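FYI, side chains are in, hydrogens and waters are out, and symmetry mates aren't considered; it's all heavy atoms of this structure. Since the structure is predicted, the reported quantities are computational estimates derived from the model, not experimental observations.
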Amino acid sequence: MSGSSAAPGPGSGSSPAACRFAHYFVLCGIDADSGLEPDELAVLYQWLEADRHGKSQDTANTTSGRNSLKGENFDQSPLRRTFKSKVLAHYPQNIEWNPFDQDAVNMLCMPKGLSFRTQADNKEPQFHSFIITREDGSRTYGFVLTFYEEVTSKQICTAMQTLYQMHNAEQYSSVYASSSCSMDSLASSIDEGDATSLLKLQRYNSYDINRDTLYVSKSICLITPLPFMQACKKFLFQLHKAVTSQQPPPLPLESYIHNILYEVPLPPPGRSLKFYGVYEPVICQRPGPNELPLSDYPLREACELLGLENLVQVFTCVLLEMQTLLYSQDYQRLMTVAEGITTLLFPFQWQHVYVPILPASLLHFLDAPVPYLMGLQSKEGTDRSKLELPQEANLCFVDIDNHFIELPEEFPQFPNKVDFIQELSEVLLQFGIPPEGSLHCSESATKLKNMVLKDLANDKKNGNVPNNSVSVYELLKGSETIARLQALAKRTGVTMEKIDLPASLSEKEKDLKLQCEEADLRDSQLNVQLREVFANRFTQMFADYEAFVIQTAQDMESWLTNREQMQNFDKASFLSDQPEPYLPFLSRFIETQMFATFIDNKIMSQWEEKDPLLRVFDSRIEKIRLYNVRAPTLRTSIYQKCSSLKEAAQSIEQRLMKMDHTAIHPHLLDMKIGQGKYEQGFFPKLQSDVLATGPANNNRWVSRSATAQRRKERLRQSSEHIGLDSDLREKYMQEARSLGKNLRQPKLSDLSPAVIAQTNWKFVEGLLKECRMKTKRMLVEKMGHEAVELGHGEANITGLEENTLIASLCDLLERIWSHGLLVKQGKSALWSHLLQFQDREEKQEHLTDSPVALGPERRKSDSGIMLPTLKVSLIQDMRHIQNMTEIKTDVGRARAWIRLSLEKKLLSQHLKQLLSNQPLTKKLYKRYAFLRCEEEREQFLYHLLSLNAVDYFCFTSVFTTIMIPYRSVIIPIKKLSNAIITSNPWICVSGELGDTGVMQIPKNLLEMTFECQNLGKLTTVQIGHDNSGLLAKWLVDCVMVRNEITGHTYRFPCGRWLGKGVDDGSLERILIGELMTSASDEDLGKQCRTPPQQKSPTTTRRLSITSLTGKPAKPNAGQIQEGIGEAVNNIVKHFHKPEKERGSLTVLLCGENGLVAALEQVFHHGFKSTRIFHKNVFIWDFVEKAVAYFETTDQILDNEGDVLIQKPSSKTFCHYVNAINTAPRNIGKDGKFQILVCLGTRDHLLPQWIPLLAECPAITRMYEENALLRDHMTVNSLIRILQTIQDFTIVLEGSLIKGVDV
């Protein structure tokens, strides 16, 4: 069973007890026989703390280490120390399907152990609740009332006096020795040892056996399968009142406890139930099968504690499975916020570690490298800065008492957050609650007043209130409860001026009772309305989720066995359907475990009964469809409010107006007379024989629900017709459910070092598994082999998805680096380690030579000029990041460094180098840390190494505004040209993010470095010279440009002359770049690389007309037509990708297999120029002849209506050609043709120009009979192909058409 609160406990077979309201009644307190024992868990805690600070155990007990310890800590006054509590009794002894876990219950009933008070202290009873999550994810709830009882044992009083004498002696000696001790944050106490506080301590914290009365805490607790918090709270307060009131209760306490354990059933879904406490009835209700599941924790309180804005932010963190730590002095506040937030996740469920109250002895859990939602009790007087947390890079820290949250960096906002908060505010305001929350004063005084009044209001009991008038307005400042009641009280006619409390209580008891019932009703209504607003967001956001669920398996067995390999949700299609503003949040959310489990449950619902939450959610989606019958594809980001608020509130009210069921009244039991005598102020010793078992099965509800339960069980078994052995099936189920969960719920009991070691081992295995899954997912997404198998033919990953995957890799690395951490500076564990490494390396640097180089990365050309090798250095990459002023935090620096290393394909190598410094790793990490498990570490580095198989631009594309140094080299062909020329060369480099502008190249230098703002991926280089001097002809082989930070090297092939009277007479050329692969990649294996987008294996290489190396084979007509088709097809595909993921259009137009090259092939086919040996003729010559013809015929044919030539298109053609010819650029004939094709493509004129040229008389003189341009069929099909790009808006890169004015 999953931990859904809609179903009764796990395995709730046919046993009638499964339908009982409460499973156990528990009593915890001091064991008079064993006396005062320091909390043994505190000793373990001491061991852990010593371990955490890297001390050995013996030194942990010396004075210097003492302050970081608990238990026998002489710096804490004995009244403030923790002593061991014990489960004194629990009834019944055991229930087979919910075994009693004594250690866990004891720890959670009294998380701080026993506490002592004297008559001078406040002894108000305190209520809190807790939750135990079993390994299978099912939950049990505990509700606890802790009160103080006078200590009657002389032995214990004497022991306390002795402890005080020792404590005072120790205090004096330490003050005079003026030892200043560092307080450890987590275990610090409120006593700071200076002389003034000493006097105070003696006054308030002293204990004198002759003068003082000693009190000790005791807890009564109900353990229930469902979270009926309000009902349990009322029942426990009435039990406590029976113990403290002057009159004995109407019946012995056993009667009431027996009644709630055995005779009160769980209310059936959709019904309400009344049962009886000691003094008055208690009412509870359970939502129906189509309503939101039960949640009894007041969201009003969570909103008041955090404020709406903060609540929504914390909710978003939990949805994205970030580590969330709640922090408060009050256990019940921790529970209220934790349960409130997990309730709001509907229809999803938290899948990871969930410990809303973390007992002091379990603090090492904060080290867990997995997502968690935990609550930590803050000590009075400790602030956030003293709290040392192992990992903070991805932590959401929620300081409940101070109304303050710290969010992780890189945090996406919840979709439509502003409208969402607005809608929630409207709901709160209807109930008179300020949406910004009520800031709490953390002064204890206010807190005390608060509690006294709260108890008065809620529990109608005469608290220890002095017999005098109290100004309510004065108290209002400290109590949100009374403030809330004030409005209600006005209506019920209670005066809010001076109230004579003791007197008015008896008169106004009825009124107050009404008030409280009304307050409870309003709380329940507010709860359900807020939850409806949250649930409505998900129904709107995921209204079409079913369309994207991938159902591949035929039966459950095959699905469960192949679960890990299968994709179960079409993420890319789902995201492409969503409104743009939702994407940052959704792309991360659909990667979470809770979303994966939700989809798994959907797939499983084909074979077994639907998960209750899923059933409710699906029925709501159905309802939406019926109401607005909208087409599933029409996605809108318009905010749609929740429409079901009224009905939800009404159904709650209706159930309370008419009770569906009333339980049997408590009655006298067959008890031994004279035992358990009533003694005011003391909880009686209960007679266990009457509480150990329930009555014979005479309860009609129990038997009725038992038969229903049996029927359900039979149905379930018959539905399991899959011939799976049930054990095997259970194993598969567990594996499928826990996939990606590194550790199921931690066990709270049995905390021996061996168990802790085993837990850590599970963490290590979990981290390794997660690393394997993540790297595999990144590779598959990037290389897209599944897409290729499905026939899409090309790898495709959305930029958004890539970013999400890389962000989650960064998060995983931070968690790995935080596991078992001893020493950390700043919030990022990884960056802290890198800094320490850098520190050590730099100290050694002057002793050794240069850093490691990667091997021969020199790019040789036939001229012998090359780019100098770029050194591979972990430290150098760190320095690049440290020089980036845009990044302000350590977490940001660590992420930038990971992105840079990933882009350089050095992540695995860098981390290997970082971890090779073993003395450093030993200094920073505990023995059990992941980074010190050698075999796992090697496998982890191996998984990261696999990422080198793909190209990432995750650094270049994210840090777009940083300054980057580039180095360029011009490589001439020396055999045929001068290496050095007399004219003045210049260069301009352009990329996807901008260009450098024209830069003069220093004379006689072919290499230069320059710095400019990040250009992104490089696309073109313009190179030229001014043709001055004698040696002005230059044959350039290529230009190389390298980004000196990422090491990406681009080659811009040229292979043409620059100079007047040679080649096509060009003084400048536009070169199109291709990304070079580094030598190390080539070694890695050429098969696994994604082909660079510029090179496409299908068409023959573009031919250079004036080839220097003999005559290449000419492409035939079929190949040429295929080339055109492919070039146009690539442009169409380009525009069908989402805008953020399109590559460079320049490459598709002018690159190696671009449109210009394809059209050149068409125009070269059957061209006669090669016959005329002594003069080279170019396509541009043909174009100019055509223009001359159009311009003359235009004048001649003005009067005759010649049909062949459409005047407007020939006019524009002439206009464009003339504009290119008159442009102030020294572009050669082939360059001009390229500009003409680019402009014709941009302005959608090519399909009009091609027939013009085909019909022009010059064609017969310059082309042979069989030329493609002289074949009508070919020309028509060419026009049709070119028309397919008419609908796209084509924006040309500035460098292509600079200076051409059309």
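- For the pair Cys771 and Leu812, the minimum side-chain heavy-atom distance is below 4.5 Å.
- Using a cut-off of 4.0 Å between Lys/Arg side-chain N and Asp/Glu carboxylate O, Arg895 and Glu409 are scored as not salt-bridged.
- Ser818 contributes no side-chain N or O that, together with a main-chain N or O of Ala829, makes up a donor-acceptor pair within less than 3.5 Å.
- The residues Lys827 and Glu406 are annotated as salt-bridged, a charged nitrogen and a carboxylate oxygen being separated by less than 4.0 angstrom.
- The CD atom of Gln836 lies 5.0 Å from the CG atom of Leu924; values are rounded to the nearest 0.5 Å.
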>> Using the rule given for side chain to side chain contact (heavy atoms under 4.5 Å, CB included), can you reason through Phe763 versus Tyr928, listing the C-alpha separation, both sets of side-chain angles and the distance that settles it, and then say yes or no?
In response: CA-CA 10 Å; Phe763 283 149; Tyr928 63 71; over 6 Å; no
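- Put simply, CD1 on Ile875 and CD on Glu841 are 5.5 Å apart, with the number rounded to the nearest 0.5 Å.
- Atom-to-atom distance recorded for Leu944:CG and Leu813:CG is 6.0 Å, nearest 0.5 angstrom.
- Heavy atoms from other residues, nucleotides or ligands lying under 6.0 Å from CD of Glu935 number 12 at most.
- Side chain of Ser957 to backbone of Phe955: no donor-acceptor contact under 3.5 angstrom is found.
- In this structure, Gln323 CD and Cys396 SG are separated by 11.0 Å, a value rounded to the nearest 0.5 Å.
- Between the Asn394 side chain and the Arg815 main chain, no donor and acceptor come within less than 3.5 Å of each other.
- By the 30° and 60° cut-offs, the orientation of the rings of Phe595 relative to Phe348 is tilted.
- Side chains of His880 and Glu1044: no donor on one and acceptor on the other come within 3.5 Å.
- For the residue pair Asp877/His910, the side-chain donor-acceptor check at 3.5 Å is satisfied.
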>> side chain to side chain contact (heavy atoms under 4.5 Å, CB included) for Ile898 and Leu830? Distances and angles first, verdict last.
In response: CA-CA 10 Å; Ile898 293 169; Leu830 173 58; 3.7 Å; yes
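- By the 4.0 Å N-to-carboxylate-O rule, Arg899 lies too far from Glu903 to be salt-bridged with it.
- Using modelled atom types, one finds a donor on one side chain and an acceptor on the other under 3.5 Å when comparing His352 with Glu321.
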>> Quick one, Tyr327 with Phe397, criterion ring-ring contact (aromatic ring centres under 6.0 Å, His included). Give me CA distance, side-chain angles, the key distance, then yes/no.
In response: CA-CA 8 Å; Tyr327 193 61; Phe397 181 81; 5.3 Å; yes
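- We find the CG-NZ distance between Leu767 and Lys762 to be 14.0 Å, quoted to the nearest 0.5 Å.
- Here the closest heavy-atom approach between residue Leu305 and residue His403 is recorded as O-ND1, 2.9 Å.
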>> Before you tell me yes or no, could you show the steps for Phe585 and Phe414 under ring-ring contact (aromatic ring centres under 6.0 Å, His included), namely the whole-Å CA-CA distance, both residues' side-chain angles and the distance that decides it to 0.1 Å?
In response: CA-CA 6 Å; Phe585 170 81; Phe414 192 73; 5.2 Å; yes
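- For the pair Ile964 and Glu1011, the minimum side-chain heavy-atom distance is 4.5 Å or more.
- Counting only heavy atoms from C-beta outward, the side chains of Met374 and Tyr354 never approach each other to under 4.5 Å.
- Two residues are said to be in side-chain contact when any heavy atoms from C-beta on lie closer than 4.5 Å; Leu920 and His833 meet this criterion.
- No donor-acceptor pair under 3.5 Å is formed between the side chain of Ser908 and the backbone N or O of Leu906.
- Ile405 has its side chain out of reach of Asp399: every pair of non-hydrogen atoms, C-beta onward, lies at least 4.5 Å apart.
- The 12-atom threshold is not exceeded at CD of Glu934, counting heavy atoms of other residues, nucleotides or ligands nearer than 6.0 Å.
- Although no hydrogens or angles enter the test, the distance criterion places a donor-acceptor pair under 3.5 Å between the side chain of Tyr925 and the main chain of Trp817.
- With a 4.5 Å cut-off on side-chain heavy atoms, Pro371 and Trp350 count as touching.
- The nearest pair of heavy atoms linking Leu821 to Lys926 is O-CE, 4.1 Å.
- The CD1 atom of Ile881 lies 5.0 Å from the CG atom of Leu900; values are rounded to the nearest 0.5 Å.
- Contact check for Leu319 versus Thr592: no side-chain heavy atoms found under the 4.5 Å cut-off.
- Of all non-hydrogen atoms in Leu915 and Thr921, the two that sit nearest each other are O-OG1, 3.8 Å.
- Summarising the geometry of Trp897 relative to Leu874, their closest heavy-atom pair is CZ2-CD1, 3.0 Å, with the distance given to 0.1 Å.
- The two residues Leu902 and Tyr952 come nearest to each other via the heavy atoms CG-CD1, 3.9 Å.
- Judged by distance alone, the side chain of Asn402 and the main-chain N or O of Phe404 form no donor-acceptor pair under 3.5 Å.
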> Hey, mind stepping through Leu809 and Asp811 against side chain to side chain contact (heavy atoms under 4.5 Å, CB included) and telling me if it holds?
Replying inline: CA-CA 5 Å; Leu809 177 72; Asp811 164 41; over 6 Å; no
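- Within a 6.0 Å radius of NZ in Lys417, more than 12 heavy atoms belonging to other residues, nucleotides or ligands are found.
- A donor-acceptor pair under 3.5 Å is absent between the side-chain atoms of Asn1043 and the main chain of Tyr966, judged by distance alone.
- Between Glu842 and Arg879 there is a salt bridge, since at least one side-chain N of the basic residue sits less than 4.0 Å from a carboxylate O of the acidic one.
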>> Apply side chain to side chain contact (heavy atoms under 4.5 Å, CB included) to residues Ile887 and Phe959 and explain how you reach the verdict.
In response: CA-CA 10 Å; Ile887 305 178; Phe959 301 103; 3.8 Å; yes
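- Side-chain atoms of Gln413 and Thr316 include no donor-acceptor pair closer than 3.5 Å.
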> Run the side chain to side chain donor-acceptor pair (under 3.5 Å) check on Glu814 and Ser828 step by step: do they pass?
Replying inline: CA-CA 7 Å; Glu814 278 293 357; Ser828 163; 2.5 Å; yes
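- Looking only at side-chain heavy atoms (C-beta outward), Ile400 and Leu326 come within less than 4.5 Å of each other.
- With 3.5 Å as the limit, one finds no donor-acceptor pair spanning the side chains of Gln377 and Ser328.
- In this structure a side-chain-to-backbone donor-acceptor pair under 3.5 Å is present from Ser587 to Pro584.
- When all heavy atoms of Arg932 and Arg937 are compared, the closest pair comes out as CA-NH1, 4.3 Å.
- Residues Gln1013 and Thr961 have side chains that never bring a donor and an acceptor to within less than 3.5 angstrom of each other.
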